[in-house]
There are 2 protein chains.
Amino acid sequence: MTSTATTDDLGLRDRNNRERRDALIAAAYALFAERGFAASSMDDIAARAGLSRRTAFRYFASKDDLVFPEQAARQAQFEALLVPREGESAFETVRRACLALGRHYQDDRERQLAQFRVIQSEPWLVGRELAIDRALEAAIEHAFMAAERETPRARRRARVRASAITGALRATVREWLEGGASTDLVRLGRETFAELEAGFAG
Amino acid sequence: MTSTATTDDLGLRDRNNRERRDALIAAAYALFAERGFAASSMDDIAARAGLSRRTAFRYFASKDDLVFPEQAARQAQFEALLVPREGESAFETVRRACLALGRHYQDDRERQLAQFRVIQSEPWLVGRELAIDRALEAAIEHAFMAAERETPRARRRARVRASAITGALRATVREWLEGGASTDLVRLGRETFAELEAGFAG
DNA sequence: AGCAAAATGGCACTCGGTGTCAAAAAGAAT
DNA sequence: ATTCTTTTTGACACCGAGTGCCATTTTGCT
């Protein structure tokens, strides 16, 4: 290496990797917007990104994965946020992590909307999304359990709470997206948590 | 028609329809058990059922549908059960319907176990199953809303409850299946509802 | 420049899913 | 039983997703 160290911490290879990945995502979403998910073949997507079909499949194992490109990263990020802080109850930890995630959604508004449209258009993508939500739910359950001793009763309670929270938040995000993502998602989330805190029976 | 009226309320055509449908399901599950879902092609399944590939696809629009053959019927049945009875609270209606559904699962023990194994083997089938659960959830939410006036607050509460119940029951069924479906699912369900009734905060 | 490792892309193949259409089976009518 | 109509069937051809294979190119390093 001579003196190419300007802003590149990551080599040319990694940079290209990222660029092509991004190109694929951009191409995919452009085509989805133009003609819909079903009518956009991997051939087209790859071509628009300037890659071969075969190579495109090396970046994304399936066409579906192209719809949820940052799923793994989001999940990891969320789990990192679920680490409890000093003097925080489990519920507070979960709320903080969820609201932070909500903030990210808000910052990613445009793509979230596009993603929402795509997902609504193909029923089985709804299933994929639910599976993703399910992973978040599992993480939340885990966070609740971290605070308690492992008993069947405690586990069930943690599960019910995690499921209720996930369900309520799913509804909240849906409301937000259906309204064009024009309101404040974090505020909506706060309200939802307030409702949950206020109680279930009534 | 001469005198073939023995037990046939439905004509030969419908009878054959049902037979072939059943043959396909049986063939599919036999092959899934033998070699797994992925390794069982529609060609094989159709052949074992004594049908052509093309015809098999007329009975089941996709290979996935073959995994959840009675989904539509179950959903309809469940919704029928969700009609409130005299002097019953919404919660009671929901519990009754869910427990009845649980009883059906129990009577269908063998297939439920097989289905569970297949679903666990292919991640995206989990998504499909979740989507099915989601339909049940929507029905439950609807049942809760039927008892109240339509306000955003009421809807959110109904949604949270429906989601919590669905989540808790999913966990319950999972527990049951993981234990080989050898225990009493209805009893487990009753316990889960008791927990839910007892309260959320604590 | 030169070399090893990794990424690329072309090819051929499998499998899920669909449109089309001629042949076969079912039901109705005589 | 025979004919006529309506469904159902199954063969064929086709598309797109996804994969294994391998020759070629690109990249990182010396």
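Heavy-atom basis, side chains included; hydrogens, waters and symmetry copies ignored.
Using a 4.0 Å cut-off, some side-chain N or O of A/N16 falls inside it from OP1 or OP2 of D/dT27. Contact between the side-chain N/O atoms of A/Y59 and the OP1/OP2 oxygens of C/dT8 is found at a separation under 4.0 Å.
Across the protein-nucleic acid pair, B/N17 atom CG and C/dA25 atom C1' stand 13 Å apart, rounded to whole Å. In this structure, CZ of B/F37 is placed 20 Å from P of C/dT14, rounded to the nearest angstrom. Taking atom CG of residue A/D64 and atom P of nucleotide C/dG16, one finds them 16 Å apart after rounding to whole Å. Separating the CG atom of B/L66 from the P atom of C/dG16 is a distance of 11 Å, rounded to the nearest angstrom. Atom CD in B/E19 sits about 15 Å away from atom P in D/dT8, given to the nearest Å. Atom CZ in A/R21 sits about 13 Å away from atom P in C/dT8, given to the nearest Å. If you take CZ of B/F57 and P of C/dC15, they are 12 Å apart, rounded to a whole angstrom. Rounded to whole Å, the distance from CZ on A/R15 to C1' on C/dA7 is 17 Å.
By the 4.0 Å N-to-carboxylate-O rule, A/R170 lies close enough to B/E137 to be salt-bridged with it.
A salt bridge (charged side-chain N to carboxylate O under 4.0 Å, His left out) check over residues 66-85 of chain B, counting only residues at least two apart or in different chains, returns the pairs B/R74-B/D108.
For A/W124 and A/D64, the side-chain atoms include at least one donor-acceptor pair closer than 3.5 Å. At a cut-off of 3.5 Å, with distance as the only test, a side-chain donor of B/Y59 or B/N17 sits close to an acceptor on the other residue.
Aromatic ring orientation, A/F193 versus A/F91: perpendicular (interplanar angle above 60°, classes split at 30° and 60°).
With sequence neighbours left out, B/F116 forms a ring-ring contact (aromatic ring centres under 6.0 Å, His included) with no residue at all.
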Tabulated below should be each protein N or O lying under 3.5 Å from an N or O of nucleotides 9-11 of chain C; please produce it.
unit_1: C/dG9; atom_1: OP2; unit_2: A/S52; atom_2: N; d: 3.4
unit_1: C/dG9; atom_1: OP2; unit_2: A/T55; atom_2: OG1; d: 2.7
unit_1: C/dG9; atom_1: N7; unit_2: A/R58; atom_2: NH1; d: 3.1
unit_1: C/dG9; atom_1: O6; unit_2: A/R58; atom_2: NH2; d: 2.6

